[in-house]
Undergrad: 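Provided herewith is a single structure, encoded as C-alpha coordinates, for subsequent inquiry.
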There are 2 protein chains.
Amino acid sequence: MKVKNSRLDAIRLILSTQEIGSQEELLSELEKEGFKLTQATLSRDLHQLRVVKSVGVQGRYRYILTRPHQYRHEGEQGEARPLTAPQEATGFLSIKFSGNIAVIHTKPSYASTLAYHIDNYDFPEIIGTIAGDDTVMLIIAEEANRTMVLRALRTIIPNI
Amino acid sequence: MKVKNSRLDAIRLILSTQEIGSQEELLSELEKEGFKLTQATLSRDLHQLRVVKSVGVQGRYRYILTRPHQYRHEGEQGEARPLTAPQEATGFLSIKFSGNIAVIHTKPSYASTLAYHIDNYDFPEIIGTIAGDDTVMLIIAEEANRTMVLRALRTIIPNI
DNA sequence: TAGGTTTTTGCAATTTTTTTGCAGAAATCC
DNA sequence: GGATTTCTGCAAAAAAATTGCAAAAACCTA
(Lines give C-alpha, C1' and ligand atoms only; values in the text may rest on other atoms or scores of the structure.)
Protein backbone atom coordinates (compact mmCIF):
# COMPACT_ATOMS: atom_id res chain seq x y z
CA MET A 1 0.00 0.00 0.00
CA LYS A 2 2.88 2.22 0.79
CA VAL A 3 4.44 1.54 -2.54
CA LYS A 4 1.25 1.90 -4.45
CA ASN A 5 0.38 5.22 -2.97
CA SER A 6 3.69 6.75 -3.68
CA ARG A 7 3.54 5.33 -7.14
CA LEU A 8 0.18 6.95 -7.71
CA ASP A 9 1.65 10.18 -6.50
CA ALA A 10 4.52 9.77 -8.89
CA ILE A 11 2.09 9.19 -11.70
CA ARG A 12 0.23 12.34 -10.83
CA LEU A 13 3.42 14.28 -10.69
CA ILE A 14 4.67 13.00 -13.99
CA LEU A 15 1.40 13.53 -15.77
CA SER A 16 1.14 17.01 -14.41
CA THR A 17 4.55 17.99 -15.67
CA GLN A 18 5.06 16.08 -18.87
CA GLU A 19 3.15 15.25 -21.98
CA ILE A 20 2.73 11.53 -21.83
CA GLY A 21 1.03 9.90 -24.74
CA SER A 22 1.07 6.22 -23.92
CA GLN A 23 1.36 3.87 -21.03
CA GLU A 24 4.68 2.58 -22.31
CA GLU A 25 6.02 6.05 -22.14
CA LEU A 26 4.72 6.63 -18.66
CA LEU A 27 6.10 3.29 -17.65
CA SER A 28 9.60 4.27 -18.57
CA GLU A 29 9.26 7.56 -16.76
CA LEU A 30 8.20 5.68 -13.68
CA GLU A 31 11.15 3.41 -14.06
CA LYS A 32 13.44 6.42 -13.97
CA GLU A 33 11.87 7.23 -10.65
CA GLY A 34 12.56 3.76 -9.43
CA PHE A 35 9.14 2.25 -9.81
CA LYS A 36 9.05 -1.17 -11.30
CA LEU A 37 5.73 -2.38 -12.55
CA THR A 38 4.04 -3.84 -15.56
CA GLN A 39 1.92 -2.07 -18.05
CA ALA A 40 -1.10 -3.98 -16.80
CA THR A 41 -0.70 -2.56 -13.36
CA LEU A 42 -0.21 0.85 -14.79
CA SER A 43 -3.46 0.53 -16.67
CA ARG A 44 -5.19 -0.28 -13.42
CA ASP A 45 -3.53 2.63 -11.70
CA LEU A 46 -4.64 5.02 -14.36
CA HIS A 47 -8.12 3.70 -14.12
CA GLN A 48 -8.15 4.21 -10.42
CA LEU A 49 -6.82 7.73 -10.76
CA ARG A 50 -9.43 8.35 -13.39
CA VAL A 51 -6.82 9.64 -15.70
CA VAL A 52 -8.19 10.35 -19.13
CA LYS A 53 -6.63 10.05 -22.50
CA SER A 54 -7.22 13.23 -24.32
CA VAL A 55 -6.22 14.92 -27.50
CA GLY A 56 -3.93 17.87 -27.14
CA VAL A 57 -3.74 20.98 -29.22
CA GLN A 58 -1.24 19.47 -31.59
CA GLY A 59 -3.54 16.58 -32.16
CA ARG A 60 -1.33 14.32 -30.12
CA TYR A 61 -2.78 12.05 -27.53
CA ARG A 62 -2.06 12.88 -23.98
CA TYR A 63 -2.94 11.58 -20.57
CA ILE A 64 -4.32 14.17 -18.27
CA LEU A 65 -5.40 14.21 -14.69
CA THR A 66 -8.94 14.96 -13.84
CA ARG A 67 -9.92 16.01 -10.43
CA PRO A 68 -9.67 13.05 -8.11
CA HIS A 69 -12.69 12.93 -5.95
CA GLN A 70 -13.97 10.82 -3.26
CA TYR A 71 -17.44 9.92 -4.11
CA ARG A 72 -20.01 10.84 -1.63
CA HIS A 73 -22.87 8.71 -2.66
CA GLU A 74 -26.10 10.46 -2.22
CA GLY A 75 -27.75 9.49 0.99
CA GLU A 76 -24.65 7.85 2.24
CA GLN A 77 -23.68 10.25 4.93
CA GLY A 78 -20.48 8.59 5.94
CA GLU A 79 -17.82 10.00 8.12
CA ALA A 80 -16.36 13.28 7.15
CA ARG A 81 -13.55 13.50 4.69
CA PRO A 82 -10.29 11.97 5.83
CA LEU A 83 -9.09 15.44 6.62
CA THR A 84 -5.60 14.94 5.41
CA ALA A 85 -2.98 17.09 6.96
CA PRO A 86 -3.01 20.46 5.28
CA GLN A 87 -1.40 19.64 2.01
CA GLU A 88 0.83 22.32 0.79
CA ALA A 89 -0.11 23.06 -2.73
CA THR A 90 2.62 24.01 -5.15
CA GLY A 91 2.69 25.80 -8.42
CA PHE A 92 0.91 28.88 -7.16
CA LEU A 93 1.84 32.08 -8.94
CA SER A 94 -0.74 34.75 -8.33
CA ILE A 95 -4.29 35.50 -7.37
CA LYS A 96 -6.56 38.24 -8.56
CA PHE A 97 -10.15 39.11 -7.84
CA SER A 98 -13.07 40.41 -9.81
CA GLY A 99 -16.46 40.65 -8.26
CA ASN A 100 -17.20 37.37 -6.61
CA ILE A 101 -14.62 35.53 -8.62
CA ALA A 102 -10.99 34.85 -7.89
CA VAL A 103 -8.56 33.82 -10.56
CA ILE A 104 -5.45 31.99 -9.58
CA HIS A 105 -2.59 31.54 -11.95
CA THR A 106 -0.29 28.63 -11.49
CA LYS A 107 2.66 27.11 -13.18
CA PRO A 108 1.61 25.20 -16.26
CA SER A 109 -0.41 22.09 -15.48
CA TYR A 110 -0.63 22.77 -11.78
CA ALA A 111 -4.11 24.18 -11.86
CA SER A 112 -6.04 20.98 -11.46
CA THR A 113 -3.85 19.89 -8.62
CA LEU A 114 -4.38 23.13 -6.81
CA ALA A 115 -8.10 23.03 -7.45
CA TYR A 116 -8.10 19.56 -6.07
CA HIS A 117 -6.65 20.75 -2.81
CA ILE A 118 -9.04 23.63 -2.58
CA ASP A 119 -12.04 21.45 -3.29
CA ASN A 120 -10.85 18.90 -0.89
CA TYR A 121 -10.70 21.36 1.87
CA ASP A 122 -14.24 22.38 1.26
CA PHE A 123 -13.85 25.94 2.44
CA PRO A 124 -17.15 27.57 3.19
CA GLU A 125 -15.80 30.73 1.63
CA ILE A 126 -15.55 29.06 -1.77
CA ILE A 127 -18.54 27.47 -3.38
CA GLY A 128 -16.82 25.99 -6.37
CA THR A 129 -13.76 25.87 -8.55
CA ILE A 130 -12.92 25.14 -12.11
CA ALA A 131 -9.47 24.42 -13.35
CA GLY A 132 -7.85 24.68 -16.71
CA ASP A 133 -4.21 24.06 -17.22
CA ASP A 134 -2.63 26.99 -15.44
CA THR A 135 -5.68 28.84 -14.21
CA VAL A 136 -8.16 28.14 -11.46
CA MET A 137 -11.37 30.06 -11.08
CA LEU A 138 -13.00 30.22 -7.69
CA ILE A 139 -16.47 31.41 -6.97
CA ILE A 140 -16.63 33.16 -3.67
CA ALA A 141 -19.52 32.53 -1.36
CA GLU A 142 -21.78 35.50 -0.90
CA GLU A 143 -21.21 35.56 2.80
CA ALA A 144 -17.47 35.72 2.32
CA ASN A 145 -15.10 38.38 1.15
CA ARG A 146 -11.65 38.51 -0.37
CA THR A 147 -9.80 38.73 2.87
CA MET A 148 -11.58 35.69 4.13
CA VAL A 149 -10.77 33.80 0.98
CA LEU A 150 -7.12 34.71 1.23
CA ARG A 151 -7.01 33.68 4.83
CA ALA A 152 -8.65 30.39 4.01
CA LEU A 153 -6.33 29.67 1.13
CA ARG A 154 -3.35 30.42 3.28
CA THR A 155 -3.79 27.09 4.96
CA ILE A 156 -2.83 25.33 1.77
CA ILE A 157 -0.88 28.06 0.04
CA PRO A 158 1.30 29.53 2.78
CA ASN A 159 3.03 31.99 0.54
CA ILE A 160 -0.13 33.49 -0.84
CA MET B 1 -19.53 17.41 -45.62
CA LYS B 2 -23.21 17.38 -45.00
CA VAL B 3 -23.16 13.81 -43.89
CA LYS B 4 -20.09 14.17 -41.81
CA ASN B 5 -21.37 17.15 -39.93
CA SER B 6 -24.62 15.54 -39.05
CA ARG B 7 -22.75 12.44 -38.06
CA LEU B 8 -20.55 14.46 -35.75
CA ASP B 9 -23.66 15.98 -34.31
CA ALA B 10 -25.11 12.56 -33.83
CA ILE B 11 -21.97 11.47 -32.06
CA ARG B 12 -22.20 14.42 -29.75
CA LEU B 13 -25.80 13.72 -29.03
CA ILE B 14 -25.22 10.08 -28.34
CA LEU B 15 -22.24 10.68 -26.13
CA SER B 16 -24.13 13.29 -24.21
CA THR B 17 -27.06 11.06 -23.48
CA GLN B 18 -25.62 7.61 -23.15
CA GLU B 19 -22.70 5.98 -21.48
CA ILE B 20 -20.67 4.69 -24.34
CA GLY B 21 -17.64 2.65 -23.46
CA SER B 22 -16.18 1.59 -26.75
CA GLN B 23 -16.07 2.56 -30.36
CA GLU B 24 -17.85 -0.60 -31.34
CA GLU B 25 -20.69 0.37 -29.11
CA LEU B 26 -20.83 3.85 -30.48
CA LEU B 27 -20.66 2.44 -33.94
CA SER B 28 -23.77 0.40 -33.44
CA GLU B 29 -25.60 3.33 -31.90
CA LEU B 30 -24.74 5.34 -34.94
CA GLU B 31 -26.00 2.58 -37.10
CA LYS B 32 -29.35 2.76 -35.37
CA GLU B 33 -29.44 6.39 -36.35
CA GLY B 34 -28.77 5.44 -39.91
CA PHE B 35 -25.09 6.26 -40.05
CA LYS B 36 -22.95 3.69 -41.67
CA LEU B 37 -19.24 3.95 -41.15
CA THR B 38 -16.19 2.00 -40.18
CA GLN B 39 -14.23 2.00 -36.97
CA ALA B 40 -11.39 3.76 -38.73
CA THR B 41 -13.61 6.65 -39.62
CA LEU B 42 -15.09 6.76 -36.18
CA SER B 43 -11.64 6.92 -34.70
CA ARG B 44 -10.92 9.86 -36.95
CA ASP B 45 -14.15 11.51 -35.94
CA LEU B 46 -13.52 11.10 -32.25
CA HIS B 47 -10.06 12.46 -32.65
CA GLN B 48 -11.40 15.47 -34.45
CA LEU B 49 -14.05 16.06 -31.83
CA ARG B 50 -11.36 15.67 -29.21
CA VAL B 51 -13.52 13.25 -27.38
CA VAL B 52 -11.78 11.74 -24.42
CA LYS B 53 -12.03 8.34 -22.90
CA SER B 54 -12.66 8.72 -19.25
CA VAL B 55 -13.72 6.69 -16.29
CA GLY B 56 -17.23 7.15 -15.02
CA VAL B 57 -18.65 6.76 -11.57
CA GLN B 58 -19.18 3.05 -11.74
CA GLY B 59 -15.63 2.62 -12.80
CA ARG B 60 -16.71 1.90 -16.31
CA TYR B 61 -14.94 3.46 -19.20
CA ARG B 62 -16.79 6.16 -20.96
CA TYR B 63 -16.31 8.54 -23.83
CA ILE B 64 -17.04 12.10 -22.94
CA LEU B 65 -17.24 15.33 -24.84
CA THR B 66 -14.89 18.08 -23.97
CA ARG B 67 -15.85 21.21 -25.85
CA PRO B 68 -19.16 20.58 -27.49
CA HIS B 69 -19.88 23.82 -29.19
CA GLN B 70 -16.89 25.17 -31.00
CA TYR B 71 -18.43 23.54 -34.00
CA ARG B 72 -21.60 25.55 -33.94
CA HIS B 73 -20.87 28.55 -36.01
CA GLU B 74 -19.76 27.04 -39.22
CA GLY B 75 -21.57 29.55 -41.32
CA GLU B 76 -24.25 26.97 -41.39
CA GLN B 77 -27.47 27.99 -39.78
CA GLY B 78 -30.30 26.68 -41.89
CA GLU B 79 -32.30 23.92 -40.36
CA ALA B 80 -32.00 24.60 -36.72
CA ARG B 81 -30.85 21.56 -34.88
CA PRO B 82 -33.53 18.92 -34.47
CA LEU B 83 -34.35 20.43 -31.13
CA THR B 84 -34.61 17.05 -29.61
CA ALA B 85 -37.12 16.51 -26.94
CA PRO B 86 -35.88 17.85 -23.64
CA GLN B 87 -33.18 15.41 -22.76
CA GLU B 88 -33.02 14.58 -19.18
CA ALA B 89 -29.56 15.22 -17.92
CA THR B 90 -28.11 13.01 -15.25
CA GLY B 91 -25.28 13.28 -12.80
CA PHE B 92 -26.60 16.38 -11.09
CA LEU B 93 -25.69 16.72 -7.46
CA SER B 94 -26.20 20.27 -6.31
CA ILE B 95 -26.48 23.87 -7.35
CA LYS B 96 -25.35 26.98 -5.54
CA PHE B 97 -25.43 30.61 -6.44
CA SER B 98 -23.22 33.57 -5.94
CA GLY B 99 -23.95 36.84 -7.64
CA ASN B 100 -24.64 36.20 -11.26
CA ILE B 101 -23.00 32.84 -11.21
CA ALA B 102 -24.39 29.43 -10.53
CA VAL B 103 -22.17 26.52 -9.67
CA ILE B 104 -23.43 23.05 -10.33
CA HIS B 105 -21.70 20.05 -8.93
CA THR B 106 -22.09 16.78 -10.73
CA LYS B 107 -20.89 13.26 -10.41
CA PRO B 108 -17.38 12.89 -11.75
CA SER B 109 -17.15 13.28 -15.50
CA TYR B 110 -20.72 14.41 -15.92
CA ALA B 111 -20.03 18.10 -15.99
CA SER B 112 -19.35 18.46 -19.67
CA THR B 113 -22.38 16.43 -20.55
CA LEU B 114 -24.59 18.58 -18.43
CA ALA B 115 -23.04 21.72 -19.83
CA TYR B 116 -23.67 20.38 -23.25
CA HIS B 117 -27.35 20.05 -22.57
CA ILE B 118 -27.57 23.45 -21.04
CA ASP B 119 -25.74 25.02 -23.93
CA ASN B 120 -27.80 23.13 -26.35
CA TYR B 121 -30.99 24.33 -24.90
CA ASP B 122 -29.84 27.86 -25.26
CA PHE B 123 -31.76 29.21 -22.32
CA PRO B 124 -32.10 32.96 -22.45
CA GLU B 125 -31.53 32.97 -18.70
CA ILE B 126 -28.02 31.60 -19.10
CA ILE B 127 -25.49 33.35 -21.21
CA GLY B 128 -22.72 30.81 -20.96
CA THR B 129 -21.24 27.83 -19.20
CA ILE B 130 -17.85 26.47 -18.29
CA ALA B 131 -17.37 22.86 -17.40
CA GLY B 132 -14.60 21.04 -15.65
CA ASP B 133 -14.86 17.44 -14.67
CA ASP B 134 -17.48 17.60 -11.98
CA THR B 135 -18.36 21.26 -11.90
CA VAL B 136 -20.28 23.49 -14.24
CA MET B 137 -20.34 27.22 -13.89
CA LEU B 138 -23.20 29.14 -15.41
CA ILE B 139 -23.23 32.83 -16.01
CA ILE B 140 -26.68 34.18 -15.49
CA ALA B 141 -28.13 36.75 -17.85
CA GLU B 142 -28.57 40.16 -16.29
CA GLU B 143 -32.24 40.17 -16.99
CA ALA B 144 -32.71 36.85 -15.27
CA ASN B 145 -32.69 35.80 -11.67
CA ARG B 146 -32.11 32.65 -9.73
CA THR B 147 -35.66 31.51 -9.72
CA MET B 148 -35.81 31.85 -13.44
CA VAL B 149 -32.62 29.90 -13.84
CA LEU B 150 -33.88 27.14 -11.64
CA ARG B 151 -37.13 27.00 -13.49
CA ALA B 152 -35.32 26.86 -16.79
CA LEU B 153 -32.98 24.15 -15.65
CA ARG B 154 -35.84 22.12 -14.39
CA THR B 155 -36.68 21.25 -17.95
CA ILE B 156 -33.54 19.21 -18.20
CA ILE B 157 -32.88 18.50 -14.54
CA PRO B 158 -36.27 17.59 -13.14
CA ASN B 159 -35.04 16.87 -9.68
CA ILE B 160 -33.27 20.15 -9.26
C1' DT C 1 -23.09 22.90 -64.66
C1' DA C 2 -18.99 20.71 -66.26
C1' DG C 3 -14.57 19.95 -64.95
C1' DG C 4 -11.11 20.30 -61.54
C1' DT C 5 -9.97 20.26 -56.52
C1' DT C 6 -10.37 19.06 -51.98
C1' DT C 7 -12.22 16.30 -48.47
C1' DT C 8 -13.98 12.22 -46.81
C1' DT C 9 -14.29 7.30 -46.41
C1' DG C 10 -13.92 2.37 -47.05
C1' DC C 11 -10.80 -1.29 -47.28
C1' DA C 12 -8.21 -4.28 -44.90
C1' DA C 13 -4.84 -5.10 -42.43
C1' DT C 14 -1.16 -3.77 -39.22
C1' DT C 15 0.45 -1.80 -35.22
C1' DT C 16 -0.08 0.02 -30.95
C1' DT C 17 -2.34 0.46 -26.78
C1' DT C 18 -5.40 -0.88 -23.27
C1' DT C 19 -8.04 -4.09 -20.62
C1' DT C 20 -8.85 -8.35 -18.23
C1' DG C 21 -9.04 -13.16 -16.03
C1' DC C 22 -6.53 -15.62 -13.08
C1' DA C 23 -3.38 -17.15 -9.67
C1' DG C 24 0.16 -16.17 -6.61
C1' DA C 25 2.13 -12.49 -3.33
C1' DA C 26 1.80 -9.11 -0.21
C1' DA C 27 -0.47 -6.56 3.03
C1' DT C 28 -4.10 -6.05 6.49
C1' DC C 29 -7.18 -7.60 9.92
C1' DC C 30 -8.94 -10.13 13.80
C1' DG D 1 -1.30 -17.26 12.97
C1' DG D 2 -4.91 -17.94 9.91
C1' DA D 3 -8.50 -15.53 7.19
C1' DT D 4 -9.46 -11.87 4.20
C1' DT D 5 -8.58 -8.21 1.25
C1' DT D 6 -5.64 -5.84 -1.90
C1' DC D 7 -2.17 -5.80 -5.25
C1' DT D 8 0.41 -7.42 -9.17
C1' DG D 9 2.62 -10.15 -12.91
C1' DC D 10 1.59 -12.97 -16.69
C1' DA D 11 -0.46 -13.90 -20.87
C1' DA D 12 -3.85 -13.19 -23.89
C1' DA D 13 -7.83 -10.81 -25.56
C1' DA D 14 -9.96 -6.71 -26.78
C1' DA D 15 -9.99 -2.20 -28.25
C1' DA D 16 -8.27 1.63 -30.54
C1' DA D 17 -5.20 4.03 -33.65
C1' DT D 18 -2.86 4.31 -37.94
C1' DT D 19 -1.93 3.61 -42.80
C1' DG D 20 -1.65 3.73 -47.99
C1' DC D 21 -4.63 3.91 -51.59
C1' DA D 22 -8.48 4.28 -54.48
C1' DA D 23 -13.10 5.58 -54.97
C1' DA D 24 -16.84 8.57 -53.75
C1' DA D 25 -18.74 12.85 -52.21
C1' DA D 26 -18.73 17.54 -51.61
C1' DC D 27 -17.16 21.93 -52.99
C1' DC D 28 -15.53 25.46 -56.20
C1' DT D 29 -15.40 28.34 -59.96
C1' DA D 30 -15.33 29.83 -64.39
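Chain letters run A, B, ... following the sequence lines, proteins first, then strands; residues in each count from 1. Keep in mind that the numbers below use all heavy atoms, side chains included, and drop hydrogens, waters and symmetry copies.
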Undergrad: How many angstroms lie between atom NZ of A/Lys96 and atom CD1 of A/Ile104, to the nearest 0.5 angstrom?
TA: 12.5 Å
Undergrad: Are A/Phe92 and A/His105 an aromatic pair, judged by ring center distance below 6.0 Å?
TA: no
Undergrad: Assuming nearest nucleotide by heavy-atom distance, tell me which of B/Lys53 and B/Ala40 is located more 5' along DNA chain C.
TA: B/Ala40
Undergrad: Report the residue from B/Asp45, B/Val51, B/Ile14 that forms a side-chain contact (heavy atoms from CB on, under 4.5 Å) with B/Leu26.
TA: B/Ile14
Undergrad: Between A/Leu27 (CG) and D/dT8 (C1'), how many Å, whole number?
TA: 13 Å
Undergrad: Below 4.5 Å, heavy atoms only, C-beta onward: do B/Val55 and B/Ser109 meet side chain to side chain?
TA: no
Undergrad: According to a strict under-4.0 Å criterion, is A/Thr41 in side-chain N/O contact with OP1 or OP2 of D/dT8?
TA: no
Undergrad: Does B/Arg151 make a cation-pi contact with B/Phe123, if we ask for NZ or CZ under 6.0 Å from the ring centre and within 45° of the axis?
TA: no
Undergrad: Quick one: are B/Phe35 and B/Thr41 in side-chain contact, heavy atoms under 4.5 Å?
TA: no
Undergrad: Rounded off to whole Å, could you give me the OH-to-P distance for the B/Tyr63 and D/dA15 pair?
TA: 10 Å
Undergrad: Expressed in angstrom and rounded to an integer, what is the separation of A/Asp45 atom CG from D/dT8 atom P?
TA: 7 Å
Undergrad: Measuring from atom CD of B/Glu29 to atom CD1 of B/Ile20, what distance do you get when rounded to the nearest 0.5 angstrom?
TA: 5.0 Å
Undergrad: Distance check needed: D/dA16 C1' versus B/Arg50 CZ, whole Å only.
TA: 18 Å
Undergrad: Please check the phosphate of D/dA17 (OP1 and OP2 only) for any side-chain N or O of B/Gln23 closer than 4.0 Å.
TA: yes
Undergrad: Are more than 12 heavy atoms from other residues, nucleotides or ligands located less than 6.0 Å from atom CD of A/Glu142?
TA: yes
Undergrad: Could you give the OH-to-P distance, from A/Tyr61 to C/dT17, as a whole number of Å?
TA: 11 Å
Undergrad: Below 3.5 Å is the cut-off: list the nitrogen or oxygen pairs between protein and nucleotides 22-24 of chain C, distance only.
TA:
none

Undergrad: With the threshold set at under 4.0 Å for non-hydrogen atoms, list the residues of residues 29-39 of chain B touching DNA chain C in residue-number order.
TA: B/Lys36, B/Leu37, B/Thr38
Undergrad: How close or far is atom P of D/dA17 from atom CD of A/Glu24, stated in whole angstroms?
TA: 16 Å
Undergrad: Would you mind reporting whether A/Lys53 and A/Ser22 have side-chain heavy atoms less than 4.5 Å apart?
TA: no
Undergrad: Without decimals, in angstroms, what is the distance between B/Leu42 CG and D/dA15 P?
TA: 14 Å
Undergrad: Starting at the 5' end of DNA chain D, which residue's closest nucleotide do you reach first, A/Arg7 or B/Glu25?
TA: A/Arg7
Undergrad: For B/His47 and D/dT18, what is the distance between atoms NE2 and C1' respectively, to the nearest whole Å?
TA: 11 Å
Undergrad: Answer with base, sugar-phosphate or nothing: what part of the nucleic acid does B/Ser22 contact at a heavy-atom distance below 4.0 Å?
TA: sugar-phosphate
